[in-house]
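Okay, structure first, notes after.
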There are 2 protein chains.
Amino acid sequence: MKREAQVPLADASAVAHRSLLTQATTSLVGYRLRRAQLSVFHRFLMLFDDLRLRPAEYSVLVLIADNPGRKQTEIAEVLGIKRANFVTLVHGLAQRRLVERAASADDRRANALHLTAEGQAFVVRARALHDAMEADLVTRLGGPAGRDRLLSLLDRLT
Amino acid sequence: MKREAQVPLADASAVAHRSLLTQATTSLVGYRLRRAQLSVFHRFLMLFDDLRLRPAEYSVLVLIADNPGRKQTEIAEVLGIKRANFVTLVHGLAQRRLVERAASADDRRANALHLTAEGQAFVVRARALHDAMEADLVTRLGGPAGRDRLLSLLDRLT
DNA sequence: CACTTATGTTATCAACTATAACTATATCCG
DNA sequence: CGGATATAGTTATAGTTGATAACATAAGTG
């Protein structure tokens, strides 16, 4: 995880056999973006190891908690998940008794998603965990202003 | 790609059946980071569709170009790729006659990586393509100063 | 009504990542 | 020196993720 050290040299083979010229890759927006995202997600995975919850699952649970009764497709689309792949995801959460798929009243094709009582308690715990992580990230970014600057910059890339 | 619209409501089920409450997920650093990264990578994939080159392959080629003669393990480690997975990646590039695996002089176990003449010409083309994309990203970020601010913020997350 | 679209689902497939085990070398140290 | 240990590349394998196609059922629509 420690690169850098780009000495101004004409020929890399003339330099010591330890440092590589990496500025052509490591200085790229896409590359750094990926590394930062992997780092944050890795931290999430560590933190949620006990709860056996993945980032996508967490976002699904929170979204259902805030929008009970919505169809699978609606939740999936907001998160950019294909509905075919969303089936497996919801199935796992349903097996763990965190989510219920109720038959929708007005559309018999659709599954209305709700949290179970257990699911709601679970989300409270998960949210607390994640809020702590988020708070630490904000601190690293130099407070809410730094966070907002980052989000603003990220938006311009999308 | 168009969320937002968090009306101050006590119950989401009372609101119109179109907008979802998403601020709990979409305002998160990790989530936005992932979306931005996916967006940039998606753009990369579109751009490099003709060249049939993936982001990881591009970074490998550039790294070999700037550091000819290095061992597979060295290149792989810098990029955070497991050497077991790096084998397949290099094999693909070698089959396309872009990269050569030469026996290392001082270590008969190691493969010294070089670009072929064809590989060097290919990298020139790829670099030009990528430089154009990078320039556009920098423009979106409000110039080099914006880019540097972004990279600085991303570093704090790692 | 027939035609088209939407929902959830299953079955695949490709790409990426991670781990274990193996070989052949290399290095270390008593 | 020589045996133990570590390293480079490789293979095999499994888990995760994302994408696509096809299907049954149900809604919508002219």
Side-chain angles (χ1 to χ4, degrees), chain A residues 17-18 30-31 34-35 37-39 41-42 44-46 48-49 52-60 64 69-95 99-114, chain B residues 17-18 30-31 34-35 37-46 48-49 52-60 64 69-95 99-114:
Chain A
H17 273 276
R18 17 178 71 126
Y31 181 84
R34 170 171 167 265
R35 298 300 280 217
Q37 189 255 310
L38 287 178
S39 172
F41 266 50
H42 184 257
F44 185 103
L45 290 173
M46 301 281 103
F48 282 81
D49 189 53
R52 307 197 54 68
L53 203 63
R54 312 186 152 282
E57 293 172 329
Y58 173 74
S59 61
V60 168
I64 296 176
R70 293 299 187 130
K71 296 183 298 181
Q72 287 189 190
T73 302
E74 291 181 296
I75 303 291
E77 193 191 4
V78 170
L79 295 173
I81 304 175
K82 306 277 177 191
R83 67 187 198 287
N85 297 326
F86 197 64
V87 172
T88 309
L89 204 163
V90 171
H91 188 66
L93 297 175
Q95 271 191 328
V99 165
E100 274 179 348
R101 289 186 263 200
S104 175
D106 50 315
D107 190 337
R108 281 189 290 174
R109 297 168 302 179
N111 288 341
L113 298 179
H114 296 272
Chain B
H17 272 276
R18 14 178 77 127
Y31 180 83
R34 171 171 166 267
R35 300 297 280 216
Q37 189 255 309
L38 286 179
S39 173
V40 170
F41 265 50
H42 184 258
R43 186 165 169 198
F44 185 102
L45 290 174
M46 300 283 103
F48 281 80
D49 189 53
R52 308 197 53 68
L53 202 64
R54 315 192 148 280
E57 293 172 328
Y58 174 74
S59 61
V60 167
I64 296 176
R70 293 300 186 133
K71 296 184 297 181
Q72 287 189 190
T73 304
E74 291 179 296
I75 303 291
E77 193 192 4
V78 170
L79 294 173
I81 303 174
K82 305 277 178 189
R83 68 188 198 286
N85 298 326
F86 197 65
V87 172
T88 310
L89 204 164
V90 172
H91 187 67
L93 297 175
Q95 270 191 329
V99 166
E100 274 178 347
R101 291 186 261 201
S104 176
D106 50 313
D107 189 338
R108 282 189 292 174
R109 298 167 301 179
N111 288 342
L113 298 179
H114 296 273

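Since this is a predicted model, take the numbers as computed values, not measurements. Reminder, nothing fancy here: chain letters follow the sequence lines and each chain counts from 1. Because only heavy atoms are used, hydrogens play no part in the values below, and waters and symmetry mates are left out as well, while side chains stay in.
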For A:Arg34, which contact category applies under a 4.0 Å heavy-atom criterion: base, sugar-phosphate, or nothing?
sugar-phosphate
Say you draw a straight line from [atom1] of [X] to [atom2] of [Y]; how long is it, rounded to the nearest 0.5 Å?
| X | Y | atom1 | atom2 | result |
| --- | --- | --- | --- | --- |
| B:Leu89 | B:Arg54 | CG | CZ | 10.0 Å |
| A:Leu93 | A:Glu100 | CG | CD | 12.5 Å |
| B:Arg109 | B:Lys71 | CZ | NZ | 7.0 Å |

Rounded distance in Å - [atom1] ([X]) to [atom2] ([N]):
| X | N | atom1 | atom2 | answer |
| --- | --- | --- | --- | --- |
| A:Ile81 | D:dT17 | CD1 | C1' | 11 Å |
| B:Met46 | D:dA19 | CE | P | 10 Å |
| B:Leu89 | D:dA8 | CG | P | 18 Å |
| A:Leu45 | C:dA18 | CG | P | 10 Å |
| B:Phe86 | D:dT7 | CZ | P | 19 Å |
| A:Phe41 | D:dT16 | CZ | P | 16 Å |
| A:His91 | D:dT16 | NE2 | C1' | 17 Å |
| B:Asp106 | D:dA8 | CG | C1' | 12 Å |

Check each of B:Arg70, B:Gln72, B:Arg101 against B:Asn111 using the side chain to side chain donor-acceptor pair (under 3.5 Å) test, and report the only one that passes.
B:Gln72
What does the list of N/O pairs under 3.5 Å between the protein and nucleotides 10-12 of chain C look like, with a distance for each?
none

Tell me whether the OP1 or OP2 atom of D:dT7 has a side-chain N or O from B:Thr73 closer than 4.0 Å.
no
For D:dT25, does either OP1 or OP2 sit under 4.0 Å from a side-chain N or O belonging to A:Arg108?
no
Assert: residue with more 5' nearest nucleotide on DNA chain C, out of A:Ala112 and B:Ala56, is A:Ala112
Mind listing the closest non-hydrogen atom pair of [X] and [Y] along with its distance?
| X | Y | value |
| --- | --- | --- |
| A:Ala112 | A:Gly69 | CB-O, 3.5 Å |
| A:His114 | A:Ala102 | CD2-CB, 4.3 Å |
| B:Ala76 | B:Phe86 | CB-CG, 3.5 Å |

Candidates [options] - which lies nearest the side chain of [X]:
| X | options | result |
| --- | --- | --- |
| B:Gln72 | C:dT9, D:dT25, D:dT10 | D:dT10 |
| A:Asn111 | D:dT17, C:dT9, D:dA27 | C:dT9 |
| B:Lys82 | D:dT10, D:dA6, C:dA18 | C:dA18 |
| A:Arg101 | D:dA8, C:dT9, C:dG8 | C:dT9 |
| A:Arg109 | D:dT25, C:dA26, C:dA15 | D:dT25 |

